[in-house]
Amino acid sequence: SSHEHKLNFKKSKEVCLSYIQDAMLQKQWKRAAEFLTFYIESLEKDFSTEYMGPSEMIWRIGTEILCHHSHSNMKEFNSFIEQMKTLGVKRYLKVCLEHAFHLLCNGLIDEAYQNLSLAESWRFGEQTAIQDKEMKLIQAYRGLLDYYSWSKQKTILLEHGQDGFEDLSVEQEMHSCFRKAAVNLREIIKIPGVWDLFVKCYVDLLEFYGDHNEARQVLNEYAYNSKFPANPNAHVYLYQFLKRHGEPKKSLISALKILHDIVPSHELMIDFNTMLQKSKKRRKRRLGLEVIFAALDYAGWKESVKAWSCLARQVKQIAISEKHLDWIKQEWNSRKDWWPAFHFSRYLAKRNWQENESLSYEKALVAGILLGKDCKYFKYVSHQGCKAQVKRFRMLKKFVNKHNPVYLRISG
Amino acid sequence: RDFNERCAQCSEVNWGLTDGGRFYCRSCHSVTERTREVVNTDFISNARIQTISKGLRKQEKTDGGCEWYVCEGFQLVLKKQAEALEALGVCAQMKDEILCNFWRRYLQKSKQAYCNRPAGETVKALSVCDSSTDVDSEPERPSLLHLLSLSESEGDLQTDCSFASSTSKVSESTSVCSGSVDGSLYLMKNQKEKLRMTMPMTLSFCYMALLWLREPMTLSDLLRFVVEGHIPYLNVFQHFPEKMKLCGLDLKIFCVESWPVYEEVYNKMLELAAFLDLPRFPDITDSCFLHPDMLCMKYLMEANLPDELHNWTCRVVKKICIGEVDFLTLVPGNKSTRNVKYDVLAVAVIVVVLKLLFLLDDHYEWLLSDFAEERNKNNKEGGPYFEFKKWYKVIKCSLDVEQKKLDEERAKYLWRCEKPLFYSAKKKSKVLKRRQMVVNLQNQFGKLSGSVRPAEKPNPSSFQLSWSEENTDGSCFHGHSLKGILQEKCGLLTAMNPDYWLCTVKLCTEKLCGHLAHYREVDFPQSYHFVLRLFSFLLRIQPSYIHDEVCVIEHKLFNKKLCKKPKYNTGLRK
């Protein structure tokens with residue numbers, strides 16, 4: 001209990017730490033700093049074998065306080081971090097890396113670069129090998145900053161080019177930045193992990209210098225190598241690349257297939273469905289229907305006219321041809337219990353009509369086919385539409401009435 | 001200064017001190033062999049030290065240190081503590097006579113000095129034994145960590161020659177393992193019969209001396225002063241002279257990393273008194289501060305309880321004969337009498353009295369309080385009746401505030417001092433660098449703390465809570481009357497409360513489980529717990545200690561009834 005009257009060094013520091021913790025949770029930075037002052041002497045006996053030694057604790061707590069305290073500034077922060085770097089050799093690179101992050105977040109890019117370069121040159125016996133991962137990260141982030149410089153110089157060059165100036169030194173520097181960046185970026189993306197930013201930058205570099213093969217290989221690796229964690233962005237990047245380079249639809253579709261599996265609600269699903277609908281292959285069209293239904297399962301798409309128009313187009317086409325009604329039946333089977341309340345309630349009918357006529361049009365079409373001409377949604381919207389004498393709604397009404405048997409066949 | 005011999009060269013008496021601590025004649029600049037230690041009265045003179053300084057003391061080591069023995073260190077500690085106590089008002093006799101003599105006697109009994117074969121000589125014996133070992137074989141130097149871990153366990157360690165021969169020459173190993181000459185031996189030797197000296201034991205010495213002089217300072221007061229920093233204990237080695245270098249195992253001996261524990265200090269004191277073959281201590285009579293009647297008065301005042309309760313505490317004390325001189329006076333080595341913790345006893349008596357008058361079963365005391373409140377509302381004359389509820393509110397408020405302060409102080413307690421310590425000379429620069437960093441960081445975050453930290457220690461005072469009757473808010477209960485809860489029967493005032501509940505029906509055997517009773521908060525009424533909490537705070541000891549004492553008192557008080565009718569469980573009619 002807290003009313004113990006015994007006290008030893010270890011317990012005393014534990015208690016102190018809990019006071020620091022409380023203060024930080026309540027954002028009382030002055031109080032946290034006050035108690036940290038008393039905690040600091042635990043550095044003088046860092047014999048603990050527990051996971052969190054006081055030096056790590058002090059580093060992290062001190063960082064938090066200095067980040068948030070109103071009287072602190074970058075100079076203080078830097079001086080603090082320099083001291084932390086000397087505290088634990090096993091943590092040295094980690095501290096350097098986080099220091100660099102902090103500098104970047106505060107817009108001090110040059111300082112961050114210097115820090116990273118300095119850290120890169122650090123050697124400490126077997127520790128260097130042990131902290132290999134951190135070193136790779138440091139090199140990667142330095143590479144990223146090199147990319148950033150490259151990018152700036154590229155912009156300058158292009159501007160000068162427009163103005164008719166030629167700047168050899170800028171160009172040379174740009175190329176040298178490229179080399180430095182490329183080396184480090186390539187290294188990090190070899191290691192399984194999530195490296196979105198690095199991949200994008202690297203690919204950008206490669207494309208600029210015309211090495212499309214390398215770029216394609218990198219993106220393929222990133223997307224398809226099973227050692228790498230499943231990452232929707234990898235597929236997005238690959239797709240965008242392929243699209244940029246005019247690859248055939250087939251490869252575009254295969255790039256998006258996995259994306260659909262991982263993230264059915266992804267914004268690219270619209271493009272995906274559009275491509276699939278137009279395909280000559282039956283299986284692809286079938287997939288297209290699946291894709292668009294799946295996307296509309298998600299609340300984010302509820303009000304998307306584009307999405308609904310995709311679905312409406314396909315449903316309309318199927319209704320007219322009267323072929324593959326079983327497709328619709330299959331898709332509707334698992335949805336008929338909840339889509340009506342989710343998408344086609346009377347409340348939504350009113351709201352959609354008031355807010356977005358096109359949306360209500362597309363939805364009404366789908367509702368009319370899936371739920372029949374007597375469903376709430378269709379009845380309300382088509383009635384309103386006809387009342388307002390909007391031509392397409394009259395046509396819609398006719399269409400749905402005409403194809404009511406489709407509904408009957410689907411539902412039956 | 002104190003050195004009055006004439007110079008051998010020029011016959012002048014004009015001495016100065018070299019950096020090496022030797023005397024040199026200012027007139028003719030010749031240096032003597034006499035070192036300062038011989039003449040200096042800082043070290044309380046002691047036959048062994050004189051023997052050493054006459055010639056056996058080694059040349060100074062290169063770092064300016066000198067040879068010193070562990071007991072010299074402790075001697076210094078005691079001296080500092082005695083000076084501090086003097087500054088607190090304890091009579092000077094304590095330092096110059098009592099404590100001094102206790103210490104000398106200890107040294108004698110533990111064969112560290114004042115005897116024919118001081119333990120220091122065994123140190124030399126080992127090195128003699130060692131020189132006969134094979135020079136070529138690499139003697140296994142016990143690693144520092146090994147020695148440190150050995151000292152952790154209080155187990156026996158061999159001191160036979162085979163072990164000794166496996167260490168290198170003592171002088172070499174001590175320069176690695178400790179700054180003192182006998183630091184490593186001190187921790188290794190089988191000390192069971194000799195009562196090895198420790199830092200907590202210095203407080204036992206102090207308390208023993210205080211008790212001998214019957215000074216108005218209880219053990220809980222003493223320990224509280226230690227924690228508050230008025231008595232040197234933590235980091236007392238700061239006051240060692242520059243030449244007494246501490247390192248290695250000395251740290252294990254002299255560094256303190258925990259607050260002194262009441263039980264430990266008390267028990268050691270008893271052991272010590274027996275070890276020193278001390279006679280019966282001076283009588284504790286009813287005019288002594290430590291007598292329960294006096295201490296009860298003090299604690300009643302501090303707890304803001306009515307003065308009238310004092311009559312009751314005296315009655316209880318008388319009834320169970322704990323005010324007797326023979327009961328209260330310490331007779332070392334006498335295992336048949338239970339030894340008395342004066343502060344705990346007094347406080348426990350008060351608790352029993354409160355139980356007698358208010359029952360403290362979470363019902364009755366509030367009932368009584370309501371009656372008193374009614375009466376106080378309607379009748380303003382004749383002074384207020386004591387209302388338990390009001391008292392509870394006032395005390396709880398203060399207690400919570402003080403407890404919170406105390407908890408924060410625990411969190412803010414600083415253990416390190418400016419004089420850094422290191423295990424070996426190799427680590428010195430690292431330790432100093434660390435210290436520098438710590439100071440820098442403390443400054444950096446100290447500036448961000450906002451409020452200025454008061455650097456002064458609070459003034460030492462015997463009373464932690466004080467209440468004044470001049471306060472118009474009625475928060476002082478000293479003068480309140482107990483009339484509302486008393487009645488007259490046969491000319492005697494008795495409590496209206498007819499019931500009593502025992503804390504425990506049967507006392508445990510101390511030998512088996514170390515306690516007489518076992519206290520768990522949930523098993524007892526909250527009012528009882530509150531009262532325990534209050535005194536536990538004042539004395540800085542666990543509530544269970546007080547509870548134990550309460551049980552003992554109750555068993556004495558209701559002895560007859562308990563013997564006759566063992567079937568009573570919770571309630572008891574008085």
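Below, chains carry the letters A, B, ... as their sequence lines are ordered, and counting in each starts from 1. Just the heavy atoms: all of them, side chains too, but no hydrogens, waters or symmetry mates, feed the values below.
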Plane angle bin for B:Tyr413 and B:Trp259 - parallel if under 30°, tilted between 30 and 60°, otherwise perpendicular: perpendicular
Expected output: side-chain A:Tyr222 to main-chain A:Trp195 donor-acceptor under 3.5 Å: yes
Heavy-atom contact with chain B under 4.5 Å, split by part of A:Ile65: side chain
Largest heavy-atom contact set with chain B, pairs under 4.5 Å, which of A:Lys6, A:His71, A:His69, A:Lys13: A:His69
Ring-ring centroid check A:Tyr92 A:Phe124, cutoff 6.0 Å: no
Close aromatic pair by centroid cut-off 6.0 Å: A:Phe38 and A:Tyr19: no
Contact origin within A:Leu7 toward chain B - heavy atom pairs under 4.5 Å: both
Heavy-atom pairs under 4.5 Å with chain A, option from B:Trp415, B:Phe445, B:Phe537 with the top count: B:Trp415
